[in-house]
Trainee: 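Take this structure, written in structure tokens, and hold onto it; I'll ask about it next.
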Amino acid sequence: MRTPLSPLRLFEPRSLRDALRLLADEGPLVPLAGCTDVYVSLNAGAPPGTRFLNLWALDELRRIEVRGSTLMIGALATYTQLARSKPVQARLPMLAAAAREIGGIQIQNRGTIGGNIGTGSPAGDSLPVLAAAAAVVVLQNARGRRQVPFNRFYTGYRASVRRPDELIVAVEVPAVDGRQWFRKVGTRAAQAISKVVMAGVRADRPRVALGSVAPTVIRATRTEAVLAETGDVAEARRALMTEIAPIDDLRSTAAYRRRVAGNLLERFWADTGIADRRSPIAD
Ligand SMILES: Cc1cc2nc3c(=O)[nH]c(=O)nc-3n(C[C@H](O)[C@H](O)[C@H](O)COP(=O)(O)OP(=O)(O)OC[C@H]3O[C@@H](n4cnc5c(N)ncnc54)[C@H](O)[C@@H]3O)c2cc1C
């Protein structure tokens, strides 16, 4: 049954400062960004709370800019913005590629990177990119900011270190050296939640991150070590099988996910191995 809306309360701050004060004084409040995930739970009659904080008017959280060697992405940046952003295309093309494959156009216009992080689904498509890019999540409350390496942000299934009075305000991405690669495997090309999603960086120390193969998105560090030390992708595939723990669920089976994860690893290595080949993510 749908959630009746009349008992719900909505706070509408006009600045980040106001939003953080409301979180401190009126909390706990459920932040709302594009609402594409929250609305699904409201529609299903399982609201994440009864008091909400609408962030949509906070344009200061929408900026994408380069500061020194760091790409700064505001939490409210939408997938449409990310896919079109020149700095993202130039520095983090695997994120532009992920953004183009998330949902349909309506979802891309509303869905935000902060919301994808906030939901923390193991199938969130931007998350392996952030893991492979060694991104940093910037959290802020009324008292100040802190930076949490993305790879330490989640503590379990949909659980994170974010405190109730904190907002995700930005993601900082250091320069990524090497060839970037992204691939999402779902039931069909559009509007499908990933069965397996992978982002990789081909460099002296390769990076491999996957979604939908564990309770959280993971960096496959043993697999990365085998690739760095031996370059033997068959051996790396065996290592990968020891560090993923996919499950059977509505969307797929554990066995299929294992097979696909191994295939994606081999594809990553093959696609990024030939130096003069067209960018593996420029379709
Ligand atoms: C039809 C459909 C298709 C979809 N397809 C995909 C897909 O292909 N790939 C994919 O990864 N996802 C997909 N999604 C899920 C969703 O669109 C994404 O997770 C999106 O990024 C959520 O962003 P949002 O701004 O809408 O988040 P919201 O729904 O507003 O919020 C999501 C969660 O994050 C929290 N939150 C939001 N912003 C902040 C913040 N700044 N600080 C702290 N907490 C915050 C909220 O409290 C909530 O818990 C789809 C959803 C729908 C309905």
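When a ligand or atom number is given, it counts from 1 through the structure's own listing order.
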Trainee: Could you name the option among L32, D37, V40, I107 that has the heavy atom nearest to atom 18 (C) of ligand 1?
Mentor: D37
Trainee: Return the closest protein heavy atom for atom 12 (N) of ligand 1 as residue, atom name and distance.
Mentor: N116 ND2, 3.9 Å
Trainee: May I ask whether G124 has any heavy atom positioned less than 4.0 angstrom from an atom of ligand 1?
Mentor: yes
Trainee: Using distance alone, decide if ligand 1 has a nitrogen or oxygen within less than 3.5 Å of any nitrogen or oxygen in C35.
Mentor: yes
Trainee: Test your reading of the structure: does G103 have an N or O sitting under 3.5 Å from an N or O of ligand 1?
Mentor: yes
Trainee: Between I193, T36, L29, which one has a non-hydrogen atom sitting closest to atom 53 (C) of ligand 1?
Mentor: T36
Trainee: Counting only N and O atoms by type, is there a donor-acceptor contact under 3.5 Å from the side chain of E266 to the main-chain atoms of V233?
Mentor: no
Trainee: Among protein heavy atoms, which lies nearest atom 48 (C) of ligand 1, and at what distance?
Mentor: V38 CG2, 3.7 Å
Trainee: Run down the list N54, V169, I168 and name the one with the heavy atom closest to atom 41 (N) of ligand 1.
Mentor: I168
Trainee: Quick one: look up the protein heavy atom nearest atom 44 (N) of ligand 1 and list residue, atom name and how far away it is.
Mentor: P31 CG, 3.7 Å
Trainee: Could you check atom 32 (C) of ligand 1 against the protein and tell me its nearest heavy-atom contact, residue, atom and distance included?
Mentor: T119 OG1, 3.1 Å
Trainee: Tell me the protein heavy atom at minimum distance from atom 13 (C) of ligand 1, and give that distance in Å.
Mentor: I102 CG2, 4.0 Å
Trainee: Assess whether atom CZ of R17 is packed by more than 12 heavy atoms of other residues, nucleotides or ligands within 6.0 Å.
Mentor: no
Trainee: Within ligand 1, which atoms have a heavy atom of L55 less than 4.0 Å away?
Mentor: 40 (C), 41 (N)
Trainee: Do the side chain of Q147 and the main chain of V136 share a donor and acceptor less than 3.5 angstrom apart?
Mentor: no
Trainee: How does L76 reach ligand 1, by side chain, by backbone, by both or by neither, if only non-hydrogen atoms under 4.0 Å count?
Mentor: neither
Trainee: So, Y154 side chain and I117 main chain: donor-acceptor pair closer than 3.5 Å or not?
Mentor: yes
Trainee: Counting neighbours of CZ on R258 that are heavy atoms of other residues, nucleotides or ligands and sit closer than 6.0 Å, is the number greater than 12?
Mentor: yes
Trainee: Do me a favour and list the nearest non-hydrogen protein atom to atom 27 (O) of ligand 1 with residue, atom name and distance?
Mentor: G115 CA, 3.4 Å
Trainee: Taking only non-hydrogen atoms of K184, do any sit less than 4.0 angstrom from ligand 1?
Mentor: yes
Trainee: Going by the side-chain contact (heavy atoms from CB on, under 4.5 Å) test, name the single residue among I168, I64, L130 that passes it with I113.
Mentor: L130
Trainee: Which of the numbered atoms in ligand 1 are under 4.0 angstrom from any heavy atom belonging to V30?
Mentor: 47 (O)
Trainee: Could you give me the CA-CA distance, side-chain angles and deciding distance for R143 and D165, then say whether salt bridge (Lys or Arg N to Asp or Glu O under 4.0 Å) is met?
Mentor: CA-CA 10 Å; R143 294 185 310 282; D165 68 343; 3.6 Å; yes
Trainee: I need the contact type for Y39 against ligand 1. Using non-hydrogen atoms and a strict under-4.0 Å cut-off, is it side chain, backbone, both or neither?
Mentor: neither
Trainee: I want to know if ligand 1 touches G34 in the polar sense, i.e. an N/O pair below 3.5 angstrom.
Mentor: yes
Trainee: Spell out, as yes or no, whether a donor-acceptor pair under 3.5 Å connects the side chain of R51 to the backbone of E26.
Mentor: yes
Trainee: Hey, looking at atom 10 (C) of ligand 1, which of V197, V137, D125 has the closest heavy atom?
Mentor: D125
Trainee: Decide side-chain hydrogen bond (donor to acceptor under 3.5 Å, both in side chains) for T272 and R179; before the verdict, give the C-alpha distance in whole Å, the side-chain angles of both, and the deciding distance to 0.1 Å.
Mentor: CA-CA 6 Å; T272 55; R179 305 190 79 207; 5.7 Å; no
Trainee: Using a 4.0 Å cutoff against the non-hydrogen atoms of L167, which atoms of ligand 1 qualify?
Mentor: 42 (N)
Trainee: Provide, to 0.1 Å, the distance between atom 38 (N) of ligand 1 and the closest protein heavy atom, together with that atom's residue and name.
Mentor: A33 CB, 3.6 Å
Trainee: With no hydrogens and no angle check, is any side-chain donor or acceptor of E235 less than 3.5 Å from a backbone partner on T230?
Mentor: no
Trainee: Which residue supplies the protein heavy atom nearest to atom 21 (O) of ligand 1, what is that atom called, and how far is it?
Mentor: Y79 OH, 2.5 Å
Trainee: Checking the side chain of S85 only, and the main-chain atoms of Q81 only, is there a donor and an acceptor separated by less than 3.5 Å?
Mentor: no
Trainee: Find out whether the Lys NZ or Arg CZ of R207 is both under 6.0 angstrom from the six-membered ring centre of W181 and within 45° of the ring's axis.
Mentor: no
Trainee: Please test D249 against R257 for salt bridge (Lys or Arg N to Asp or Glu O under 4.0 Å), starting from the C-alpha separation and ending with a verdict.
Mentor: CA-CA 11 Å; D249 67 11; R257 286 186 162 119; 3.2 Å; yes
